[in-house]
Amino acid sequence: MTAIDGKVVAITGASSGIGEATARLLAEYGAAVVLGARRTQRLDELVQDIRDRGGRAIGCVTDVLRQEDLERLVGGAVAEFGRLDVLVGNAGIAKIGPVADLDVDGWSAMIDVNLRGVLNGIAAALPVFRRQGHGHLVTTVSTAGLTITPTMAVYAATKNAVRTLLEGLRQESTDGVLRTTAVSPGFVRTELADSIDNTQVREQILHNMGQIGIAPEAVARAIAFAVEQPLDVEIGDITIRPTVQG
Ligand SMILES: NC(=O)c1ccc[n+]([C@@H]2O[C@H](COP(=O)([O-])OP(=O)(O)OC[C@H]3O[C@@H](n4cnc5c(N)ncnc54)[C@H](OP(=O)(O)O)[C@@H]3O)[C@@H](O)[C@H]2O)c1
């Protein structure tokens with residue numbers, strides 16, 4: 001038994017990597033999980049696997065660019081499990097490369113998914129949290145926003161925009177209703193590099209992930225730590241990176 005037992009948690013970007021690992025771990029700890037992403041087959045298989053292990057899970061096809069999808073994700077949690085305790089805004093892409101490449105489409109895509117996607121989740125969840133009198137927003141940002149490295153400028157900017165957003169929301173929400181947590185992972189072995197169009201940069205990131213990347217389960221444990229705290233305790237920021245990462 002942990003304090004996670006019985007919580008209702010919606011996760012965006014749940015079809016792979018950190019989102020999937022978080023879904024599995026929280027479900028194992030007794031949370032009901034509501035899983036959003038675009039790849040339906042991956043979602044269906046994950047939901048089935050969690051259920052086969054005795055967990056409670058539903059899937060909800062979600063493109064975070066579509067506000068109505070986030071409304072359905074949050075609404076699905078409330079309809080199926082009675083409320084929403086936690087929204088993990090985890091969906092993200094990394095179309096990284098030097099700014100000089102002028103990948104305007106890639107910049108827009110990152111701003112849309114990494115920032116607007118989180119805003120869409122907040123817009124859907126906040127009214128429910130206010131109505132309930134409690135709620136917790138967890139977002140996956142990145143160490144890319146803490147140590148700015150070449151090729152990651154725009155990606156880092158989107159992540160730091162979310163960091164700023166959460167801090168602003170926290171300052172506006174000191175009535176005790178809302179908790180916010182920004183989780184900053186370093187290199188984690190996931191499918192994130194698939195979204196990188198620049199071949200050379202993709203190879204480099206894949207190399208780094210393979211050499212030093214930690215397992216997504218490590219980030220899931222950090223998220224679980226934030227989620228399991230009592231309602232009067234807010235874990236604002238967690239940085240979790242490979243011990244050998246510079
Ligand atoms: N891996 C790392 O080293 C690392 C480090 C720091 C931060 N992060 C952050 O961690 C988060 C999770 O990434 P990951 O590393 O676990 O990579 P991943 O395995 O590629 O997972 C990304 C997830 O985001 C979802 N996604 C992408 N675009 C979406 C959209 N428009 N609508 C809904 N879902 C969308 C993907 O699902 P679908 O394609 O099925 O929609 C997938 O489930 C991201 O925010 C990433 O920036 C990762």
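Whatever order the structure lists ligands and atoms in, that order sets their numbers, starting from 1. This chain uses plain numbering: 1 for the first residue, then up along the sequence.
A donor-acceptor pair under 3.5 Å is formed between the side chain of Arg72 and the backbone N or O of Val61. Side chain of Arg189 to main chain of Gly213: a donor-acceptor pair is present (N/O by atom type, distance under 3.5 Å, no hydrogens or angles).
The protein heavy-atom contact nearest to atom 43 (O) of ligand 1 is Ser15 OG, 2.8 Å. The protein heavy atom nearest to atom 31 (N) of ligand 1 is Asp63 OD1, 3.0 Å. Among protein heavy atoms, atom 14 (P) of ligand 1 sits closest to Thr190 OG1, 3.4 Å. Protein heavy atom nearest atom 16 (O) of ligand 1, with residue, atom name and distance: Ile18 N, 2.8 Å. Protein heavy atom closest to atom 47 (O) of ligand 1, with residue, atom name and distance, is Tyr155 OH, 2.6 Å. The protein atom (non-hydrogen) at minimum distance from atom 28 (N) of ligand 1 is Arg38 NH2, 3.2 Å.
Salt bridge present: Arg24 and Glu20 bring a charged side-chain N and a carboxylate O closer than 4.0 Å. Taking 4.0 Å as the cut-off between side-chain N and carboxylate O, Glu45 and Arg42 do not count as a salt-bridged pair. Between Arg38 and Asp69, none of the side-chain N atoms (NZ, or NE/NH1/NH2) sits under 4.0 Å from a carboxylate O, so this pair counts as no salt bridge. By the 4.0 Å N-to-carboxylate-O rule, Lys95 lies too far from Asp105 to be salt-bridged with it.
Ligand 1 has at least one atom lying under 4.0 Å from a heavy atom of Val141. At least one heavy atom of Ala14 sits under 4.0 Å from some atom of ligand 1. At least one heavy atom of Gly186 sits closer than 4.0 Å to an atom of ligand 1. The closest approach between any non-hydrogen atom of Thr12 and ligand 1 is not below 4.0 Å. In this structure, Glu20 has no heavy atom closer than 4.0 Å to ligand 1.
Contacts with ligand 1 closer than 4.0 Å are made by side-chain heavy atoms of Lys159 only, the backbone lying farther away. At a heavy-atom distance under 4.0 Å, no atom of Thr143 approaches ligand 1.
Distances between N or O atoms of Val113 and those of ligand 1 include no value under 3.5 Å.
Across the listed options Ala21, Gly92, Gly17, Gly92 owns the non-hydrogen atom lying nearest to atom 22 (C) of ligand 1.
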